[in-house]
Amino acid sequence: MDFDSELKRRGFLKNVAVATAASSLPGTLAAGQDSNVTTSATTEQSKIGVSISINAQPRQLEIDPRTTLLDLLRENEGLTGTKKGCDHGACGACTVHIDGKRVLSCLTLAATLDGKSVTTIEGVSSGETLHPMQEAFLRCDAYQCGYCTPGQIMSAIACIDEGHTNGDVEEAREWMSGNLCRCSAYPNILAAVRQVAGETPPADPAELATVISLRETLS
Ligand code: FES
Ligand code: FES
């Protein structure tokens with residue numbers, strides 16, 4: 001191939017590549033069109049309206065249909081109590097309740113929640129009064145870094161509501177197993193769940209152990 005032919009071949013390939021890239025864009029631009037205007041118009045058109053109750057507050061939202069519930073809560077609504085751990089449904093840090101049932105908000109598209117009621121960790125207390133599960137987590141020292149804690153508490157509340165404790169410690173452990181804790185606070189988390197379920201007295205498990213060993217020593 002001579003030098004001129006090689007140049008023409010390269011020019012042809014370059015033009016094909018540019019044309020292909022342009023045609024694959026949503027809303028290909030007409031000559032002279034303002035790219036910013038077209039992009040934002042396309043984005044606005046693709047938004048959809050959803051009506052969701054978040055922590056008992058009715059919200060009328062216009063959202064990108066690709067938005068996950070986790071991103072909606074954290075980025076749009078400023079409810080950062082719900083944590084993003086893996087963002088892939090593997091850790092449970094993002095657990096919230098939808099109509100009273102626990103879900104992983106990182107795997108839930110907000111657009112599917114029209115008419116639904118979402119509760120996050122910010123919505124379980126009543127003003128300054130903590131939810132009994134929050135109190136039990138404090139009493140049992142059921143956290144270290146605290147990153148997994150909101151998801152653990154949301155799961156723990158649902159675990160009891162779903163009837164998965166029933167005095168069976170293994171059942172409670174199994175139904176809490178979707179919530180990972182990198183600090184390994186599992187024994188104390190389980191102690192908190194069992195206390196709220198009424199299976200053990202509401203006490204700091206460490207204090208309880210001290211009382212029991214004192215009793216054994218004195219008897
Ligand atoms: Fe959703 Fe890990 S962030 S399961
Ligand atoms: Fe640190 Fe659970 S308390 S990850």
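The structure displayed is predicted, hence computed values, not measured ones. We use all heavy atoms of the structure for the numbers below, so side chains are in, but hydrogens, waters and symmetry mates are not. Read the numbers this way: they start at 1 and go in the same order the structure lists the ligands and their atoms.
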Chi angles and distances behind the salt bridge (Lys or Arg N to Asp or Glu O under 4.0 Å) call for Asp161, Lys101: CA-CA 9 Å; Asp161 289 348; Lys101 304 270 188 256; over 6 Å; no

With side-chain contact (heavy atoms from CB on, under 4.5 Å) as the test, would you mind laying out the steps for Asp71 and Lys84 before giving the verdict? CA-CA 9 Å; Asp71 284 341; Lys84 184 179 279 190; 2.9 Å; yes

Hydrogens and angles aside, do Ser155 and Arg102 bring a side-chain donor and acceptor to less than 3.5 Å of each other?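 The criterion, which ignores hydrogens and geometry beyond distance, is satisfied for Arg102 and Ser155.
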
From [X] [atom1] over to [Y] [atom2], what is the distance, rounded to the nearest 0.5 angstrom?
X      : Y      : atom1 : atom2 : value
Ile153 : Thr120 : CD1   : OG1   : 11.5 Å
Ile52  : Ile63  : CD1   : CD1   : 5.5 Å
His97  : Ile121 : NE2   : CD1   : 8.5 Å

Given a heavy-atom cut-off of 4.0 Å, could you list the residues near ligand 2 in chain and number order?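 Contacting ligand 2 under 4.0 Å are Tyr143, Gln144, Cys145, Gly146, Cys148, Cys181, Arg182, Cys183.
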
Taking 4.0 angstrom as the limit and counting only heavy atoms of [X], give me the atoms of ligand 1 inside it, by number and element.
X     : result
Gly92 : 2 (Fe), 4 (S)
Gly89 : 4 (S)
Cys86 : 2 (Fe), 3 (S), 4 (S)
Asp87 : 2 (Fe), 3 (S)

From CA spacing to verdict: side-chain contact (heavy atoms from CB on, under 4.5 Å), Asn179, Tyr186: CA-CA 10 Å; Asn179 289 78; Tyr186 298 114; over 6 Å; no

Quick one: angle Cys106 SG - atom 1 (Fe) of ligand 1 - Cys94 SG, to the nearest 10°?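 Computed angle, vertex at atom 1 (Fe) of ligand 1, rounded to 10 degrees: 100°.
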
Using the rule that two of Ile, Leu, Val, Met, Phe, Trp, Tyr join whenever any of their side-chain heavy atoms come within less than 4.5 Å, decide whether Ile189 and Met154 are in one cluster.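 Yes, Ile189 connects to Met154 through the hydrophobic network.
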
Checking contacts here: is it the side chain or the backbone of Ala90 that comes within 4.0 Å of ligand 1, counting heavy atoms only? Could be both or neither.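 Looking at Ala90 and ligand 1, just backbone atoms fall under 4.0 Å.
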
Members other than Trp175 in its cluster, when Ile, Leu, Val, Met, Phe, Trp, Tyr link by side-chain heavy atoms under 4.5 Å?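 None, because no other hydrophobic side chain comes under 4.5 Å of this residue.
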
